[in-house]
Amino acid sequence: MSLRTQFRKVLPSISITEQEALDAGDVWLEGSIYQGKPDFSALRAVPEATLSAEEQAFIDGPVKELMAMIDDSVIQNSKHLPEHILDFLKKERFFSLIIPKSYGGREFSPYANSTIVGTIATKSSAVAVTVMVPNSLGPGELLMHYGTEEQRAHYLPRLANGTDIPCFALTSPEAGSDAGGIPDQGIVTKGMHNGEEVLGLEITWDKRYITLAPIATVLGLAFKVFDPEGLLGGKEELGITCALIPKLHPGVELGNRHDPMGIRFYNGTTRGNKVFIPMEFIIGGQNNIGRGWQMLVSCLGAGRGISLPALGVSTSQVALKSASEYAAVREQFGLSIGQFEGIQEKLADIAGKTYLQESMRVLTTEGLGMGLKPSVVTAIAKYHMTEIGRDVLDSAMDILAGKAIQNGPQNTLASGYVAQPIAITVEGANILTRNLMIFGQGVMRCHPHLQEMVEAIHSEEADADKKFNKKFRQTVGYGISNGLRAFGLGLMPFMAGSQSSLSEVKPYEKAVMQLSSRLALFADFSLLVLGGKLKQAEMLSARLGDVMSYLYAAMASIKYYEQKVSESERAQAAPYFHYGTRWALQNAEIALHKFLDNFPASFARKFLRVATLQFSHRMAKIDDNLIRELAAAAQQDTAFKSQITKLVKPTAGDGHDINEQAYKAKMACLDLLKVLKKALRSKQVKPGVRFADTLDNALAANVITSEQYAKLIDYNKKREKAIRVDEFDFDLNLIDDCPLNTDIQQAS
């Protein structure tokens, strides 16, 4: 019995849908990480993402105008998105960000798309999702890549100007994460269309969770095609197919709404029973029957790599801006709460992770902007950036405390907090993304020989044994090389190379090299020892995926610090950079330890620990000094902090504007507040019941001048407004800016 035959008995076959998913997309930086040789030259050669003049003008114009129109508290207390907002989105072509200009679209870059969606999400998740969906996986993108010229010419201009609103229906009650198992079916048959008998499909479907379905005018639909009568002359089961069906087509049901966490974007159901459509409704025409899954997985990059990560980043930037400003302004026990170490620990974590989020957002959209569709990287971005967003938002809620749990126009966190699970769930639930997709796709796509070896194992060709033996020898040699490199870097970590010209970056670049070399060896041994069982060992494989993900995050952090941070701002950015990079590297190392601790084969576990000298945690720690330094930096009004919170754009009178005004007023009064507190300690000034009384006493004692008094009074009014929360009457109707209770505090 040949070695290939033995492997064939223990390795499960790969289904068609699995193979199409594996074949979809490109291998990018993650390939070098998986193989133990992170390619920093390729990383630094990635073109830097910038906004074009046209893109910047759109953000400064229509996006800014939209932000001023949005009152999310009104939206959340309504049944629908306000009609004037929906009309504005159509008029300004917000639904055409990815559509080519030749069809009336804006044809913006992935970075601009991400920036626009992320900016809107800082104000309203409902509006952001409404903009996001037509610009990610759906009819527009599928038509651009796979539609016939007639389909593109008809639909793309209508989608661009809002004449048509699209939705795409994939998920059914019987198939969620297992999208390849959809029960919806189309039977090849003949029927009547436009008064004549034509060849087409009789489709029955039942879909749910379909965003924009209640207002869509055109339905994208995924279903399986069967040809029991052999009308197409081939096999009976033809596979998943995508079609585009007008809402007004006979038999199409679009209407019933879901209520996703009370976030008022349109989400609902679509159904149809034996609905006949002509072949011309299939995206790309009859020749694309059975190509639907390949089409879908190849187009997932926009949703996974742009839109959903943008929601995670926007959450983090709102959290950092809100928490840092509140921590600086809010005082308890005579001190701003940002001076308490418990707050500092949370605030530093928010700041460091927000920096890391922005770094990953920029790098991922830069890759997409190069025309790549890196399926593993976009899965990494979707999972980790939405999860980090959730983690950061929890910390911000802790800091703002009572202010964060009272709904109303002034609350900057509540809507995002409620909406966060939506980003976690859609485009593949995060558990699926982490436990099956990242490493599952990564191991097949990134290993230099594995995919070809597996293909040879299951091949029926006459020379299959010869091809397998060649690939097996190459795989063994590759594994030995990985082992030697991992041992060498474990024994002599200083031998890891670094190309950076910045001394503070070099240790981190070397650390990425060391951890990556261990990942490559561990992945090889997992395949050798567990073989096909690794597919079911989700907790083990997920930890290897985590290592790859965190090392990608560390590389993103390095690139952002080197290319996006000006030399004059390096000192401001340094604590953010150190915290974010160390956090990523620490988590990569922890994942490796957890992998080894739980590896089922005792001999292999011991061998790997010795071979990589993996006995302790070596990565640089996030210590208390770094936490204090970053917490202090986060409370300062610096250019770099503005850079990593740039998606948040306050508009007059909203919660962000109220907080920012109080914060900036305090930053302008810091020296005066020090003088006042010194006078209070020396009893030169008598404290008043209210801070305004204290200021009166300070003026009377000639401790401050009348001009200084006016400046402090202005700050105090803004401070009092910022620490208040929205109030309602007993019927929960808004009271126009007349708080009944004020939160009074003293400077003493």
Side-chain angles (χ1 to χ4, degrees), residues 312-313 315-360 384-405 412-414 416-417 420 504 508 546 550 553-554 557 561 571-591 593 617 619-638 640-641 644-645 648 659 663 666-667 670 722-723 745:
V313 175
T315 296
S316 295
Q317 294 197 14
V318 167
L320 174 56
K321 185 170 175 61
S322 299
S324 62
E325 291 175 352
Y326 189 73
V329 170
R330 176 70 162 145
E331 294 190 1
Q332 293 285 273
F333 309 106
L335 294 171
S336 64
I337 63 172
Q339 296 183 50
F340 293 100
E341 290 194 348
I343 299 291
Q344 289 177 347
E345 189 171 19
K346 294 277 188 182
L347 185 55
D349 197 54
I350 293 170
K353 289 176 179 175
T354 299
Y355 163 77
L356 196 63
Q357 288 267 68
E358 179 66 2
S359 301
M360 293 175 71
H384 286 279
M385 294 172 75
T386 55
E387 288 290 345
I388 292 173
R390 172 158 64 177
D391 185 35
V392 164
L393 189 50
D394 282 344
S395 293
M397 293 288 291
D398 288 346
I399 291 175
L400 271 71
K403 182 176 174 64
I405 63 170
T412 57
L413 299 180
Y417 184 78
Q420 192 61 26
E504 64 268 37
Y508 298 129
D546 285 345
Y550 288 124
S557 174
Y561 184 74
Q572 299 173 13
Y576 295 86
F577 166 68
H578 288 300
Y579 191 107
T581 313
R582 290 183 190 183
W583 182 84
L585 294 173
Q586 281 183 20
N587 276 280
E589 187 174 51
I590 289 169
H593 277 285
H617 294 268
M619 294 299 106
K621 301 294 188 295
I622 296 174
D623 57 25
D624 291 351
N625 288 331
L626 178 56
I627 289 172
R628 294 188 192 99
E629 183 184 3
L630 180 50
Q635 294 177 73
Q636 295 169 8
D637 189 13
T638 63
F640 181 73
K641 180 184 164 187
I644 62 167
T645 57
V648 186
N659 293 344
Y663 170 72
K666 181 166 186 178
M667 293 299 101
L670 287 178
I723 63 176
Q745 52 189 311

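Distance check, rounded to the nearest 0.5 Å: OG1 of Thr645 to CD of Glu325 gives 8.0 Å. Atom OG1 of residue Thr581 and atom CD of residue Gln586 lie 11.0 Å apart, to the nearest 0.5 angstrom. Distance check: Thr412 OG1 to Lys321 NZ gives 10.0 Å after rounding to the nearest 0.5 Å. Distance check, rounded to the nearest 0.5 Å: CH2 of Trp583 to CD1 of Ile622 gives 8.5 Å. The CD atom of Glu504 sits 3.5 Å away from atom OH of Tyr561, with the distance rounded to the nearest 0.5 Å.
Partners of Thr386 under the side-chain hydrogen bond (donor to acceptor under 3.5 Å, both in side chains) rule, at least two apart in sequence or in another chain, are Asn430. With sequence neighbours excluded, no residue forms a salt bridge (Lys or Arg N to Asp or Glu O under 4.0 Å) with Asp624. The side-chain hydrogen bond (donor to acceptor under 3.5 Å, both in side chains) search around Asn659 returns none, not counting sequence neighbours. In terms of the side-chain hydrogen bond (donor to acceptor under 3.5 Å, both in side chains) criterion, residue partners of Ser324 (sequence neighbours excluded) are, by chain and number, Lys641. In this structure Tyr579 satisfies the ring pair (Phe, Tyr, Trp, His ring centres under 6.0 Å) test with no other residue, sequence neighbours excluded. The side-chain hydrogen bond (donor to acceptor under 3.5 Å, both in side chains) test applied to Tyr355 returns Ser557, not counting sequence neighbours. Listed by chain and residue number, nothing satisfies the salt bridge (Lys or Arg N to Asp or Glu O under 4.0 Å) test with Arg582 (two or more places apart in sequence, or in another chain). Checked against ring pair (Phe, Tyr, Trp, His ring centres under 6.0 Å), Tyr663 has no partners two or more places apart in sequence or in another chain.
Taking the side chain as every heavy atom from C-beta outward, Tyr550 and Glu589 never approach each other to under 4.5 Å. For the pair Gln636/Gln572, no side-chain contact is recorded, criterion being any heavy-atom separation below 4.5 Å from C-beta on.
Nearest heavy atom pair, residue Ala328 against residue Ser336, reads O-CB, 3.5 Å. In terms of heavy atoms, Val392 sits closest to Ile350 at CG1-CG2, 3.7 Å. Nearest approach of Val329 to Lys666, heavy atoms of both residues: CA-CD, 4.2 Å. Across all their heavy atoms, Ile644 and Ala351 have their closest contact at CD1-O, 4.5 Å. Nearest heavy-atom pair, Ser316 versus Thr354, reported as atom, atom and distance to 0.1 Å: O-OG1, 3.3 Å. The two residues Pro575 and Leu626 make their nearest non-hydrogen contact at O-CD1, 4.0 Å.
Tested against Thr315, the residues Arg390, Gln357, Gln420 include a single side chain to side chain donor-acceptor pair (under 3.5 Å) partner, Gln420.
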In a table with atom names and distances, give each donor-acceptor pair under 3.5 Å that connects a side chain of residues 627-635 to protein atoms at least two apart or in another chain.
unit_1 : atom_1 : unit_2 : atom_2 : d
Arg628 : NE     : Glu341 : OE2    : 2.9
Arg628 : NH1    : Asn625 : OD1    : 3.0
Arg628 : NH2    : Glu341 : OE2    : 3.3
Gln635 : NE2    : Gly338 : O      : 3.1
Gln635 : NE2    : Ala631 : O      : 3.2

Less than 3.5 Å apart, which donor and acceptor atoms pair up between the side chains of residues 393-405 and the rest of the protein, not counting sequence neighbours?
unit_1 : atom_1 : unit_2 : atom_2 : d
Asp398 : OD2    : Lys346 : NZ     : 3.0
Lys403 : NZ     : Ala722 : O      : 2.7
Lys403 : NZ     : Arg724 : O      : 3.1

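The stretch residues 350-360 participates, sequence neighbours left out, in these salt bridge (charged side-chain N to carboxylate O under 4.0 Å, His left out) pairs: Asp349-Lys353, Lys353-Asp391, Glu358-Arg361, Glu358-Lys646.
Open room surrounds CD on Glu345; 12 or fewer heavy atoms of other groups in view lie less than 6.0 Å from it.
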